[in-house]
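These notes are about the structure you will find just below.
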Amino acid sequence: MPRRETQPYLKQGDGPIVLVLAPTRELANQIKEQCDIFGRSSDIKNTCVYGGAPKRSQVGRPPAEP
């Protein structure tokens, strides 16, 4: 697998690069929190989407700011 530094920059519409699946909403939120922490220095953005909640509250939700 190529390293992130050697990959070409993404263009508009490219992605997602990684999909992480979790068995529970709580675990999904914990994973997102860790991705926020470790992705901040590399400007890697992420989001968390799960079932059982209204789509309106999830669609268009901005990613966490540093």
Side-chain angles (χ1 to χ4, degrees):
M1 180 157 87
R3 295 179 50 101
R4 181 180 182 274
E5 294 84 16
T6 60
Q7 292 178 337
Y9 285 101
L10 297 178
K11 298 180 195 110
Q12 183 70 25
D14 285 350
I17 300 303
V18 174
L19 174 64
V20 178
L21 302 176
T24 65
R25 182 182 309 176
E26 292 78 18
L27 181 57
N29 282 317
Q30 290 174 7
I31 292 169
K32 186 198 181 322
E33 289 173 9
Q34 293 302 307
C35 289
D36 288 341
I37 293 168
F38 291 102
R40 190 171 294 135
S41 64
S42 300
D43 196 30
I44 296 173
K45 296 171 180 59
N46 69 82
T47 192
C48 183
V49 179
Y50 44 79
K55 286 190 270 185
R56 289 182 192 260
S57 66
Q58 297 182 57
V59 173
R61 180 177 47 198
E65 293 296 322

Handout entry: Between CD1 on residue Ile31 and CG on residue Leu21, distance to nearest 0.5 Å
Key = 9.0 Å
Could you list the donor-acceptor pairs under 3.5 angstrom formed between side-chain atoms of residues 10-20 and any protein atom two or more places apart in sequence or on another chain?
| residue | atom | partner | partner atom | Å |
| --- | --- | --- | --- | --- |
| Asp14 | OD2 | Lys11 | N | 2.9 |

Handout entry: For Ser41, side chain to side chain contact (heavy atoms under 4.5 Å, CB included) partners two or more places apart
Key = none
Handout entry: Asp36/Lys32 salt bridge by N-O under 4.0 Å criterion
Key = yes
Problem - Results of side chain to side chain contact (heavy atoms under 4.5 Å, CB included) for Ile37 - residues two or more places apart only - result: Gln34
